[in-house]
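Below: one structure, written as structure tokens.
Predicted, not measured: the structure shown is a model, and the values here were computed from it.
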Amino acid sequence: MNKDIFLTNNLSNKKEKFVPIDKKKIGMYVCGPTVYDNPHIGNARPLVIFDILFKVLKCRYGKDSVTYVRNITDVDDKIIKSSQENNISISDLTKKIINNFIDDCDFLICEIPSEQPKATEHINLMIKMITELMDKGFAYKNSKHIYFQVNKFSDYGKLSNKKLKDLIAGSRVAVSDNKKNPEDFVLWKPSIHNEPFWDSPWGKGRPGWHIECSAMSKKFLGSEFDIHGGGIDLLFPHHENEIAQSRCANDTKAFANYWVHNAFITMSGEKMSKSQGNILSIKDFKGKINGQILRLALMSAHYKQPLDWNDKLLEECKNTIEKWYNVYLPLKVPSKIPDDMMLPLYDDLNTPGYIANLHKLFDRANEGVDNDKKIFISACNFIGILNQTKKEWLDFKKKKSLISEVDILKKIELRNKARKTQNYKEADKIRDELLDKEVLIEDKDGKTSWKIK
Ligand SMILES: [Zn+2]
């Protein structure tokens, strides 16, 4: 099999063969959450997509050869605003949301990245980088603010395919009296009132958002590394600014070599956003739906395509996993996944292609040969599916059931009595009541069995 990995690189807008800088030390940096509110299902997509990429890279280059860094933004205007609105201290708010975020990642069966640095623990490195940018003439100070001067970096706009003059004409940049040019962006700003602050050569203040990723990626992965990822909404200005800061501060021809972005999630065709009021937080699904279902749903479209989130999608994913559990057997050692099975994932992380292969493998496994079952389960496990035992899967369904087991059995008894006296109307009524509570009953060979839908 051709073991090359291909990725769509937004720097070239092409699908490219992935060639690591050092195949023993592969670096991937993904922009993580800003911890001001509970993560929503749109935030879940990059968590799962880059988790799969992490697995694929480890599969190809060895499990100790990949460093996956996902930062936590715990200082930001949105955090300050949310702490004021909710009357909670910034540290209590960020602690709470970080804990919720970690729970959500676990619920979505994502591996823990190699590093999860927090911005507030790296302010010194940001101050150092800003100082370097000033010394080299890429940044300037005005009214206690430090700005990056965009027109000093000739490659600005290469990632997002934007030209400076179009940016200004289209007012895609925040205007401020303090800036020399409207496209310049802030590296450091003064803290006012009771906003969090750090001492710096420019007075008490805090960093602009973009600089943290430049500083922390350098610490963990070096000045140049392999893959930088995130949601497509981060491509401009965040990632464009990261490139400008890092390349100017570090004096390099490159920053990250491959820029990989996942597309949005829509809700029944509409873009999901706070202003639309159609945000679904990940925690809303807990206890109601198994994390495996969400995970499969998040992988059901190619990462470059928008994914429409709706009940039908979740129902289909639930039915698929339910069916796949029919061939479940516990594995002591995973089986080798056939090379041709892996091909779609190597080819630009084609998760729907891999899922299609799983369906074919299932058909073989369903014929009853244990070895085929083992291969199928190993291939599911690789992407974080069927990772619970069948008992755990069934127990979860029982737990989320809207009626207790004792009450189900009582209802079935009543229904059987009704049937014996040929009161079929009553029997059907009880069956429908159970169905409303997601309990399916089946009569076979004179016996009635039940299962949770
Ligand atoms: Zn970032």
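- Not counting sequence neighbours, His145 has no partner by the side chain to side chain donor-acceptor pair (under 3.5 Å) test.
- Side-chain atoms of Leu108 and Leu294, non-hydrogen and from C-beta on, do get closer than 4.5 Å to each other.
- Of the possible donor and acceptor atoms, one in the side chain of Thr94 sits under 3.5 Å from a partner among the backbone N and O of Ser91.
- When all heavy atoms of Thr252 and Ser223 are compared, the pair lying nearest together is CG2-CB, 4.0 Å.
- Considering only heavy atoms from C-beta on, Met134 comes within 4.5 Å of Ile146 through its side chain.
- Here the closest non-hydrogen pair linking Thr351 and Met299 is OG1-O, 2.7 Å.
- Salt bridge present: Lys58 and Glu111 bring a charged side-chain N and a carboxylate O closer than 4.0 Å.
- Although no hydrogens or angles enter the test, the distance criterion places no donor-acceptor pair under 3.5 Å between the side chain of Ser82 and the main chain of Ile79.
- Applying the 6.0 Å contact sphere to CG of Asp370 captures more than 12 heavy atoms from other residues, nucleotides or ligands.
- The only member of Tyr328, Trp324, Tyr325 that meets ring-ring contact (aromatic ring centres under 6.0 Å, His included) when paired with Trp393 is Tyr325.
- No side-chain heavy atom of Met28 sits less than 4.5 Å from a side-chain heavy atom of Tyr258.
- For the residue pair Leu314 and Ala297, the shortest heavy atom distance occurs at CD2-CB, 3.9 Å.
- Note on ring orientation: taking the six-membered ring where Trp is involved, the planes of Phe185 and His210 are perpendicular (angle over 60°, cut-offs 30° and 60°).
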Item to complete: Evaluate salt bridge (charged side-chain N to carboxylate O under 4.0 Å, His left out) for Asp347 paired with Lys15, printing each intermediate quantity in order.
Response: CA-CA 9 Å; Asp347 184 12; Lys15 188 159 89 175; 2.7 Å; yes

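- Annotation: salt bridge (charged side-chain N to carboxylate O under 4.0 Å, His left out) contacts involving residues 89-101, sequence neighbours excluded, are absent.
- Lys286 NZ: more than 12 foreign heavy atoms inside a 6.0 Å radius.
- Ile337 and Ser378 get closest at one heavy-atom pair: CD1-O, 3.8 Å.
- The environment of Lys55 atom NZ is dense: over 12 non-hydrogen atoms of other residues, nucleotides or ligands sit within 6.0 angstrom.
- Closest heavy-atom contact between Gly32 and Arg70: CA-CG, 3.7 Å.
- Looking at Leu159 and Ile243, their side chains come closer than 4.5 Å, going by heavy atoms from C-beta outward.
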Worksheet item: Passes salt bridge (charged side-chain N to carboxylate O under 4.0 Å, His left out), Lys81 versus Glu85? Steps please.
Response: CA-CA 6 Å; Lys81 194 165 166 249; Glu85 282 171 2; 3.6 Å; yes

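- Side chains of Trp202 and Thr131 form a contact here, defined as non-hydrogen atoms less than 4.5 Å apart.
- Residues Thr266 and Leu307 have side chains not in contact (no heavy-atom distance under 4.5 Å, counting atoms from C-beta outward).
- Qualifying side chain to side chain donor-acceptor pair (under 3.5 Å) partners for Arg295, counting only residues two or more places apart in sequence or in other chains: Asp51.
- Panel note: side chain Glu121, backbone Lys118; no donor-acceptor pair is recorded below 3.5 Å.
- Applying the salt bridge (charged side-chain N to carboxylate O under 4.0 Å, His left out) definition to pairs two or more places apart or across chains, those involving residues 236-248 are Asp155-Arg247.
- Of the possible polar contacts, none joining the Ser65 side chain to the Ile26 backbone as a donor-acceptor pair under 3.5 Å is found.
- Using a distance-only test at 3.5 Å, with no hydrogens or angles considered, no donor-acceptor pair links the side chain of Tyr303 to the main chain of Pro46.
- Distance alone, capped at 3.5 Å, is enough to place a donor-acceptor pair between the Asn9 side chain and the Asn257 backbone.
- Side-chain atoms of Asn381 come within 3.5 Å of backbone atoms of Ile385 as a donor-acceptor pair (strictly under, hydrogens ignored).
- No side-chain N or O of Glu115 forms a donor-acceptor pair with one of Thr67 less than 3.5 Å apart.
- Looking at Asn181, its side chain never comes within 3.5 Å of a backbone N or O of Gln149 through a donor-acceptor pair.
- Across all their heavy atoms, Ile109 and Gly384 have their closest contact at CD1-O, 3.6 Å.
- Between the Asp348 side chain and the Asn350 main chain, no donor and acceptor come within less than 3.5 Å of each other.
- Here the options are Asp4, Leu7, Ile5, the test is side-chain contact (heavy atoms from CB on, under 4.5 Å), and the partner is Tyr346; only Ile5 passes.
- Side-chain contact of Glu212 with Asn71: a donor-acceptor pair under 3.5 Å is present, judged by distance alone.
- The environment of CG in Leu329 is crowded: more than 12 heavy-atom neighbours from other residues, nucleotides or ligands sit within 6.0 Å.
- Between Phe225 and Phe255, the distance from one ring center to the other falls under 6.0 angstrom.
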Distance-only check: which donor-acceptor pairs under 3.5 Å involve side-chain atoms of residues 353-360, not counting sequence neighbours?
{"residue": "Tyr354", "atom": "OH", "partner": "Ala379", "partner atom": "O", "Å": "2.7"}
{"residue": "Asn357", "atom": "ND2", "partner": "Met341", "partner atom": "O", "Å": "3.3"}

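- In this structure the side chain of Phe18 reaches within 4.5 angstrom of the side chain of Asp226, judged on heavy atoms.
- With respect to Arg206 and Asp77, a salt bridge is recorded, a charged nitrogen being found less than 4.0 Å from a carboxylate O.
- For the pairing with Leu187, the side-chain contact (heavy atoms from CB on, under 4.5 Å) check across Leu133, Asn241, Ile127 returns one residue only, Leu133.
- Between Lys323 and Asn319 the shortest side-chain heavy-atom distance does not fall below 4.5 Å.
- When only modelled atom types and interatomic distance are considered, Lys218 and Asn250 share a side-chain donor-acceptor pair under 3.5 Å.
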Exercise answer: donor-acceptor pairs, residues 135-142 side-chain atoms, under 3.5 Å, sequence neighbours excluded:
{"residue": "Lys136", "atom": "NZ", "partner": "Ala249", "partner atom": "O", "Å": "2.5"}
{"residue": "Tyr140", "atom": "OH", "partner": "Lys180", "partner atom": "N", "Å": "2.6"}
{"residue": "Tyr140", "atom": "OH", "partner": "Asp184", "partner atom": "OD2", "Å": "2.6"}
{"residue": "Asn142", "atom": "ND2", "partner": "Asn178", "partner atom": "O", "Å": "2.7"}

